[in-house]
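These values consider heavy atoms only, across backbone and side chains, with no hydrogens, waters or symmetry-generated copies.
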Amino acid sequence: QVQLVESGGGLVQAGGSLRLSCAASGGTFSTYVMGWVRQAPGKEREFVSAISRGGTGTRYADSVKVRFTIARDNAENTVSLQMISLKPEDTAVYFCAAASAAIVTTTPMLYDYWGKGTQVTVSS
């Protein structure tokens, strides 16, 4: 059983930056594909980014490409999401998730473990 705890959310003006972090415990971190998924009020969960078990493969939603960067540290059991040039439409709760998968997945329902989320609010 993997426990995931996100941190780093907050309120930022449009054009600003935030760095989200996720700390994992209770499992073998390097065996999981890690991802970030967000959910805005009244909307379904939306894939944001994911990274392969070894960290060499990444995927991004078209809406965040170039602006967001995912990274992981298997020695520290952490995954991060660096976000720049934030837009009001990036406002959402951001969840860290882990998938027992061999390949990077962009489908939220395929992730097995979830954190409680961290709120990101971008003001215009």
Side-chain angles (χ1 to χ4, degrees):
Q1 193 80 358
V2 178
Q3 290 82 46
L4 303 171
V5 179
E6 303 95 338
S7 61
L11 173 63
V12 64
Q13 288 187 331
S17 302
L18 280 175
R19 183 176 184 271
L20 305 183
S21 294
C22 173
S25 62
T28 304
F29 183 72
S30 60
T31 64
Y32 294 95
V33 167
M34 298 300 298
W36 289 94
V37 175
R38 66 187 181 188
Q39 187 168 22
K43 295 188 177 181
E44 294 185 354
R45 289 191 177 185
E46 174 193 22
F47 168 79
V48 175
S49 183
I51 189 166
S52 63
R53 294 178 294 185
T56 57
T58 58
R59 295 285 299 276
Y60 297 93
D62 288 342
S63 59
V64 307
K65 275 181 182 176
V66 179
R67 299 188 299 120
F68 290 11
T69 303
I70 191 170
R72 68 188 295 163
D73 185 335
N74 285 347
E76 297 292 331
N77 291 356
T78 59
V79 61
S80 63
L81 186 69
Q82 179 68 50
M83 307 184 294
I84 66 171
S85 303
L86 283 162
K87 305 175 181 180
E89 50 264 44
D90 294 319
T91 295
V93 177
Y94 283 70
F95 298 91
C96 174
S100 303
I103 60 173
V104 177
T105 179
T106 63
T107 305
M109 68 180 295
L110 295 181
Y111 284 82
D112 302 294
Y113 304 101
W114 294 80
K116 293 184 178 180
T118 185
Q119 176 70 47
V120 171
T121 303
V122 184
S123 62
S124 58

*Could you list all the side-chain hydrogen bond (donor to acceptor under 3.5 Å, both in side chains) pairs where at least one residue sits in residues 95-109, not counting sequence neighbours?*
S100-D112
*asked:* Measuring from atom CZ of R67 to atom OG of S49, what distance do you get when rounded to the nearest 0.5 angstrom?
replied: 12.0 Å
*In the hydrophobic clustering (ILVMFWY, side-chain contacts below 4.5 Å, transitive), which residues join V120, or is it alone?*
V2, L4, V12, L18, L20, F29, Y32, M34, W36, V48, I51, Y60, V64, F68, I70, V79, L81, M83, L86, Y94, Y113, V122
*Not counting sequence neighbours, list each pair that qualifies as a salt bridge (Lys or Arg N to Asp or Glu O under 4.0 Å) and has a residue in residues 96-107.*
none
*asked:* Within the 4.5 Å heavy-atom criterion, are F47 and S63 side-chain neighbours or not?
replied: no
*May I have all residue pairs that pass salt bridge (Lys or Arg N to Asp or Glu O under 4.0 Å) and include part of residues 47-65, sequence neighbours excluded?*
D62-K65
*Nearest non-hydrogen partners of G57 and V104, listed with the distance*: O-CG2, 4.0 Å
*Under the disulfide (SG to SG under 2.5 Å) rule, what pairs show up with a residue in residues 33-70, not counting sequence neighbours?*
none
*By side-chain contact (heavy atoms from CB on, under 4.5 Å) - contacts of A101 (at least two apart)*: V33, A99
*Provide the full list of salt bridge (Lys or Arg N to Asp or Glu O under 4.0 Å) pairs with a residue in residues 19-40, sequence neighbours left out, each pair given once.*
R38-E46, R38-D90
*asked:* Suppose we screen for side-chain contact (heavy atoms from CB on, under 4.5 Å). Which residues come up paired with I103, at least two apart in sequence or across chains?
replied: none
*Taking the side chain as C-beta and beyond, is there a heavy-atom pair between Q82 and S17 under 4.5 Å?*
yes
*asked:* Which residues end up grouped with V5 if you chain together Ile, Leu, Val, Met, Phe, Trp and Tyr wherever their side-chain heavy atoms are less than 4.5 Å apart?
replied: none
*Who passes side-chain contact (heavy atoms from CB on, under 4.5 Å) against E76, sequence neighbours left out?*
D73, T78
*Where at least one partner belongs to residues 115-124, residue pairs that pass side-chain hydrogen bond (donor to acceptor under 3.5 Å, both in side chains), sequence neighbours excluded*: Q119-T121
*asked:* Run the side-chain hydrogen bond (donor to acceptor under 3.5 Å, both in side chains) test against Q39 and tell me which residues pass, sequence neighbours left out.
replied: R45
_Minimum heavy-atom distance between Y111 and W114, given as atom pair plus value_ = O-NE1, 3.4 Å
*Could you grab the distance from atom CD of Q3 to atom OG of S25, nearest 0.5 Å is fine?*
4.5 Å
